[in-house]
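Below, chains carry the letters A, B, ... as their sequence lines are ordered, and counting in each starts from 1.
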Protein chains: 4
Amino acid sequence: MSALPRTERGGRTRARILDVATQVFAERGYHDASIVRITAAAEVGQGTFYLYFASKQEVFEEVVRDLNQRVRRAMVAASSAETGRLAAERAGFAAYFRFTAANPALYRIMRQAEIVAPHVLREHYERIADGYVAGLRAARVHGELAEEIDPEVAAWALMGIGEMAGMRWVLWEQPDGAAARNGATTPEERPGLPPEIFDATMRLVERALSPTAGTPTEGRTA
Amino acid sequence: MSALPRTERGGRTRARILDVATQVFAERGYHDASIVRITAAAEVGQGTFYLYFASKQEVFEEVVRDLNQRVRRAMVAASSAETGRLAAERAGFAAYFRFTAANPALYRIMRQAEIVAPHVLREHYERIADGYVAGLRAARVHGELAEEIDPEVAAWALMGIGEMAGMRWVLWEQPDGAAARNGATTPEERPGLPPEIFDATMRLVERALSPTAGTPTEGRTA
Amino acid sequence: MSALPRTERGGRTRARILDVATQVFAERGYHDASIVRITAAAEVGQGTFYLYFASKQEVFEEVVRDLNQRVRRAMVAASSAETGRLAAERAGFAAYFRFTAANPALYRIMRQAEIVAPHVLREHYERIADGYVAGLRAARVHGELAEEIDPEVAAWALMGIGEMAGMRWVLWEQPDGAAARNGATTPEERPGLPPEIFDATMRLVERALSPTAGTPTEGRTA
Amino acid sequence: MSALPRTERGGRTRARILDVATQVFAERGYHDASIVRITAAAEVGQGTFYLYFASKQEVFEEVVRDLNQRVRRAMVAASSAETGRLAAERAGFAAYFRFTAANPALYRIMRQAEIVAPHVLREHYERIADGYVAGLRAARVHGELAEEIDPEVAAWALMGIGEMAGMRWVLWEQPDGAAARNGATTPEERPGLPPEIFDATMRLVERALSPTAGTPTEGRTA
DNA sequence: AATGAATGAGCTTTCATTCAT
DNA sequence: AATGAATGAAAGCTCATTCAT
């Protein structure tokens, strides 16, 4: 049976296993990610695994929750640095792409979650959507969101756009070194998405949401 | 070794296996969809499977290609019935949701493909995107697509919106019998998506793409 | 059930299967030599196989008997061309090596027979031994075999020497093109064994058997 | 993955599996010696097998190497107890037959190795041959080997004689209880081969090798 | 005479999990 | 807290053989 670690040393062991599990799940898929492999990579015995996690399924769910927390924190951090509502949204979007670029595990693990742990996947999407909805409601209050737009529907649309663009231009391009081409150096500046794609995407998003649609936004790069 | 069936009887057997495999993969996931289960459901011997497919992986890829073909055909059929360009796009979108509602297998199988057969998944998305791009280019020619919108980016955004909305409002709602609640009777009228959601989504899409953005479209139901 | 072929065409089919089976058994071993592979190589349907052989085991035994017949014929033909008794023996030996060089299948198939069809293997060795025994008895009558030598024991010793030398210097050397190095052109002259090894072997054999032992034989090359 | 046992308990388990595998391979042949059968006979779970051996092929090779080591040790032990060179050779020969009589597995497994693990089989023969060559070279130095005899060729001839005689008079006779008939009691005295056959064989060998050939040796029994 | 579709037992191998130490 | 030996069910896949055509 699993339990919370009682000592600091135990805490470190548990964290190491969780970390390694994330990588292994992402690289090999849930089913090929055997406990043997995970424990070997974490340099612990197989039995040790079961001190901290009740089952393979359980680590997987933990991994999903962990990733969800991390990506949401990155998005919140980025958007709360902005003052304008849509500017905040744009910043959050960019943060999402950056996270994806830095943690391709996110995608691959979420894909698996559809089968392995559907309820946790649902939570993942719902929590991100909630963040978008909150942001859009705030924008609405400030008159920055077109009246005819439903924040709920818009939130899921934004997520879909982000996920698909992330897959297409971040993940698939990654081996080609797209990020490097951007010439950006600090993580804050690295957009994840190629800048022209990011701009085109934001233009589309802003046309959809902004009350003053049709007015092209300035071509800022995220 | 697998081979193409040489007799009509063989052709029927192969088709039955492919069909059953689609269901089983969708219901249980690639890993739990054992050959034993597939062949039992298809009511053939296990060896028979290997007359027509070289491996489990191979049927899976075949299933993905088959679904891709079917969904694209449904979309093309629906949109080519319309005359206006964006009307065609709207019709294709609706067809996608209907297909999703009728074949929830599509989603679940594509999610798995990310891990099981990434190159085939890529083909799947690229082929659908190509369809959108072609439609949007045609719309551009007729002045129905805003100048500042990149058809490529828009295509992937549309796919993302469709996929996310389909997951959220078609798949997740399905056990609740949402489709039934709609009161629609013929498959043509069944929108897949609840009509108010479909409308809200189309409003957002049309704001994003149409040159006359900001002008709310009338609330047609797909 | 299998039956003897009734037509000439059937005879050809059966012969083709037997021939192909010999090759496939030699190349892949009894167990990896599947009926599918054999029939495919023979370009007949799987069912056709069972028109001529009752089972896989049966073809194998037939193959063993066939090879035994062929190697004995080669040996008899070679030795009956000689007049001296030990000269005949030497010629038979050489024929054995030549056959081995030309049909490496012989070895590989006999090795398998130990497990797959032990009684047929026994027959194989006993028949060859019988040939040697007959030759040695004739030599004894002509005073060409030392009194203290038991023909039965000598026969099996000769077979052992031939088999081991064939394995060591014919089979194992074969990829190195040892036969080619000999510069011999007609099959009759090709010794199978490198000539210096063949001579050394014959010297040893003749010392063992000849009544005038210790008298080195002239270094003829087979 | 297989690994060396890390505890004493593991060492015992591995040894038991290796031992049982030798018997099962000899009795049923490589192919019919299923892992299920081996592990059942060793009274361990199937998975346990794979803790110590990577595959069926791997145990088989290990078994071959193990047998090779044991038979060579038996031969060396027997021949190093003798002082005369050819006496040593004779003692080694006898040891070989005794080993064969006590471990019929040797033959049956080596036959299989031709197909299953040819390179290991080759090592097996080469190592034994090396032993003979060393012995014969030493005999040559002491003037106990005829000048015209090539030690290399003689070594392989001796192996061939030993193998064939062992097959014919040890293995094939065994079910008839030949060894028992010999009336020998201690393993040292049990010749493996019926004494008259052993003597006849040694006579032949000594004629072939000894510089004073033609001089019948006294009919000592091994 | 010839075929190829169909079968299911049986193979090797993997893996999450338990437990004694 | 940590380990690694042990397990056995279950997986994917092959194959000799049968049989309807």
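Note on residues 33-49 of chain D: no pairs pass side chain to side chain donor-acceptor pair (under 3.5 Å), not counting sequence neighbours.
Two end axes, each from the C1' atoms of five base pairs, can be drawn for the helix from E:dA2-F:dT21 to E:dT21-F:dA2; they diverge by 10°, to 10 degrees.
In terms of position along DNA chain F, the nucleotide closest to A:Val44 lies nearer the 5' end than the nucleotide closest to the other residue of the pair B:Gln57 and A:Val44. Nearest-nucleotide positions on DNA chain F place B:Gly47 closer to the 5' end than the other of B:Gly47 and C:Gly47.
In the region residues 13-43 of chain B, proximity to DNA chain E at under 4.0 angstrom, judged on heavy atoms, holds for B:Thr13.
D:Tyr52 places its OH atom 18 Å from the P atom of E:dT13, with the value rounded to the nearest Å. In this structure, CZ of C:Phe49 is placed 16 Å from P of E:dG4, rounded to the nearest angstrom. Distance CD (C:Gln46) to C1' (E:dA1): 17 Å, rounded to an integer number of Å. For the pair B:Leu51 CG and E:dT3 P, the interatomic distance rounds to 17 Å; values are reported in whole Å. One atom, CZ of C:Phe53, and another, P of F:dT18, lie 16 Å apart when rounded to the nearest Å.
In this structure B:His124 satisfies the ring pair (Phe, Tyr, Trp, His ring centres under 6.0 Å) test with no other residue, sequence neighbours excluded. Legend: residues meeting salt bridge (charged side-chain N to carboxylate O under 4.0 Å, His left out) with B:Arg65, ordered by chain and number and at least two apart, are B:Glu61, B:Glu62. Here A:Arg70 pairs with A:Asp66 under the salt bridge (charged side-chain N to carboxylate O under 4.0 Å, His left out) rule; sequence neighbours left out. Considering only residues two or more places apart in sequence or on other chains, C:Arg127 meets the salt bridge (charged side-chain N to carboxylate O under 4.0 Å, His left out) condition with C:Glu123. Under the salt bridge (charged side-chain N to carboxylate O under 4.0 Å, His left out) criterion, C:Glu27 pairs with no residue, sequence neighbours left out.
Nearest to the side chain of A:Lys56, among E:dA16, F:dA1, E:dA1, sits E:dA16.
The minimum heavy-atom distance between A:Ala21 and A:Val63, with the atom names listed, is CB-CG2, 4.2 Å. Shown here for B:Arg14 and B:Pro5, the closest heavy-atom pair between the two residues is CD-CD, 3.9 Å.
In terms of phosphate contacts, C:Arg12 brings no side-chain nitrogen or oxygen within less than 4.0 Å of OP1 or OP2 of E:dA1. In this model, the phosphate group of F:dA20 is not approached by any side-chain N or O of B:Arg9 to a distance below 4.0 Å at OP1 or OP2. Note on D:Tyr50: every side-chain N or O is 4.0 Å or more away from OP1 and OP2 of E:dC15. For the pair A:Thr48 and F:dT3, the criterion of a side-chain N or O lying under 4.0 Å from OP1 or OP2 is met.
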Contacts table for residues 105-119 of chain C: side-chain donor-acceptor under 3.5 angstrom, sequence neighbours left out:
{"from": "C:Tyr107", "atom 1": "OH", "to": "C:Glu163", "atom 2": "O", "distance (Å)": "2.5"}
{"from": "C:Tyr107", "atom 1": "OH", "to": "C:Met167", "atom 2": "N", "distance (Å)": "3.2"}
{"from": "C:Arg108", "atom 1": "NE", "to": "C:Ala26", "atom 2": "O", "distance (Å)": "2.5"}
{"from": "C:Arg108", "atom 1": "NH2", "to": "C:Ala26", "atom 2": "O", "distance (Å)": "3.1"}
{"from": "C:Arg111", "atom 1": "NH1", "to": "D:Tyr125", "atom 2": "OH", "distance (Å)": "3.3"}
{"from": "C:Arg111", "atom 1": "NH2", "to": "D:Tyr125", "atom 2": "OH", "distance (Å)": "3.4"}
{"from": "C:Gln112", "atom 1": "OE1", "to": "C:Tyr30", "atom 2": "N", "distance (Å)": "3.1"}
{"from": "C:Gln112", "atom 1": "NE2", "to": "C:Phe25", "atom 2": "O", "distance (Å)": "3.1"}

